[in-house]
Amino acid sequence: TSNKMWGGRFAAGPDAIMEAINASISFDQRMAAQDIAGSRAHAAMLAAQDIISDSDADAIRKGLLTVLSEIEGGTFAYSAALEDIHMNVEARLKEVIGEPAGRLHTGRSRNDQVATDFKLWTRDQFDAAESGLLALIKALLDQAEAGADWVMPGFTHLQTAQPVTWGHHMMAYVEMFGRDLSRMRDARTRMNESPLGAAALAGTSFPIDRDMTAQALGFDRPSANSLDAVSDRDFALDFLGAASICAMHLSRFAEELVIWSSAQFRFVTLSDRFSTGSSIMPQKKNPDAAELIRAKIGRIMGANVALMMVMKGLPLAYSKDMQEDKEQVFDAADNLMLALAAMEGMVKDMSANRESLAAAAGSGFSTATDLADWLVRVLGLPFRDAHHITGSLVALAEQNGCDLPDLTLEQMQSAHGDITADVFDVLGVENSVNSRMSYGGTAPAQVRAQVARWKGIIG
Ligand code: ARG
């Protein structure tokens, strides 16, 4: 049997394989609420413009509410033969209210309909990402505030570099997730234009009011070019791009938590609630949540690349290729929200091991730069000479199997005769971090100032 929507032109129905490749209902049913909201706005506008009668609009509105309750109640029977959510809803509407259902699609196409539904769905994901990021940032701020002056090693090349503070390290992630927040908000602002009323691609000859539907659906304005409106998926790519960068940040942090929770580091203890055990090794407590978060970038960036490849080379306006957009965004959004929530939970629950952090902070010649700076500041040496002298003292300490503060004054003076006992003050890690008072530096006072600034930003 030929199709209910376009059977006029067709003598035969589709091959089973055609139906299988063509149908999107298995996944686009997630946009049911958005589809019905869009149809309600469209029907109300058609009546306001005298394109359909008020009584037909009223029947459509009531019928759509019935269909929505069937969907929400789980009694709606989805049909693959009806291809997608748009035709499933319309066909059911016809069964419920009869003839007026056929007037709903006046001045509209599935092309602007699907763009509208998908935008509404994606817009909610920008909002969900914003909430998830805000919650994570709050958890990080709490960690930073508690440990503003806890010393730990800072690394470059994963080799001990200079002492930093726990709070400073947490605040580095606040900056990263803060940029993610700004990217999400920025993209949401840009995407909030209504495609509804662009119709198939050219607009419509009916006297529709696109401002009215845009407003009803919470859009800032109608999109200004009907060809662009139905062929644009930038909003989905913006989401996937912002989600990919955010997932990359989550992955870096997760990697640090995996390293930090190892027996070799012991920088943090992760809570039982976000760890797993081993079925064979009784001693194990594995950071599975962190590892899964570390991995999520794979599918999220994969979705970003996949949709970019779908869109490249598509001529204007709509092509069926674009039906391949939704699963990528659905999957990426689900996994981003899950990863954000899991990271928030881990950060809230984790405890820093202050003793391990402090012990590690002082090892590995971490205050060598402080020694070099002292030679410049107190003895007036050029930095390059100070660097060389300090390097020779590090080599001496290494030979003796000790750290810089363990050298005697005589050993220090063997490298430069003017060194005095005052030098030992700068070799302590507390003094080291307290001295890093440059704006954005690791000194506890700077960290506290940044915590206060961020609390003001996120309210
Ligand atoms: N199921 C389609 C999609 O998800 C709806 C739009 C169909 N438009 C068309 N001209 N065939 O993209």
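Atom set for the values below is all heavy atoms of this structure, side chains included, hydrogens, waters and symmetry mates excluded. Along the sequence shown, residues are numbered consecutively beginning with 1. In each ligand, atom 1 is the first atom listed, and ligand 1 is the first ligand listed.
Atoms CE and OG1, on Met191 and Thr122 in that order, are 5.5 Å from each other to the nearest 0.5 Å.
Lys326 counts as a contact of ligand 1, since one of its heavy atoms falls under 4.0 Å from the ligand.
Between Phe330 and Trp121, the ring centre distance stays below 6.0 Å.
For ligand 1, the atoms lying closer than 4.0 Å to a non-hydrogen atom of Ser24 are 1 (N). Set against the non-hydrogen atoms of Asp84, the atoms of ligand 1 under 4.0 Å away are 1 (N), 2 (C), 5 (C). Which parts of ligand 1 touch Asn111 is read off a 4.0 Å heavy-atom cut-off, strictly below it: atoms 8 (N), 9 (C), 10 (N).
The two residues Met350 and Gln143 have their closest heavy-atom pair at O-NE2, 3.0 Å.
With hydrogens left out, the protein atom closest to atom 11 (N) of ligand 1 is Arg110 NH2, 3.5 Å, a heavy atom. Among all non-hydrogen protein atoms, the one lying nearest atom 1 (N) of ligand 1 is Gln323 OE1, 2.6 Å. Here the protein heavy atom with the shortest distance to atom 3 (C) of ligand 1 is Tyr318 OH, 3.3 Å.
Of all the heavy atoms of Glu83, the ones lying under 4.0 Å from any atom of ligand 1 belong exclusively to the side chain.
Within the 3.5 Å criterion, the main-chain N or O of Gly197 finds a donor-acceptor partner in the side chain of Asp112. Judged by distance alone, with hydrogens and angles left aside, the side-chain atoms of Ser356 form no donor-acceptor pair with the main-chain N or O of Phe267 at under 3.5 Å. The backbone N or O of Asp288 sits nowhere less than 3.5 Å from a side-chain atom of Asn286 that would complete a donor-acceptor pair.
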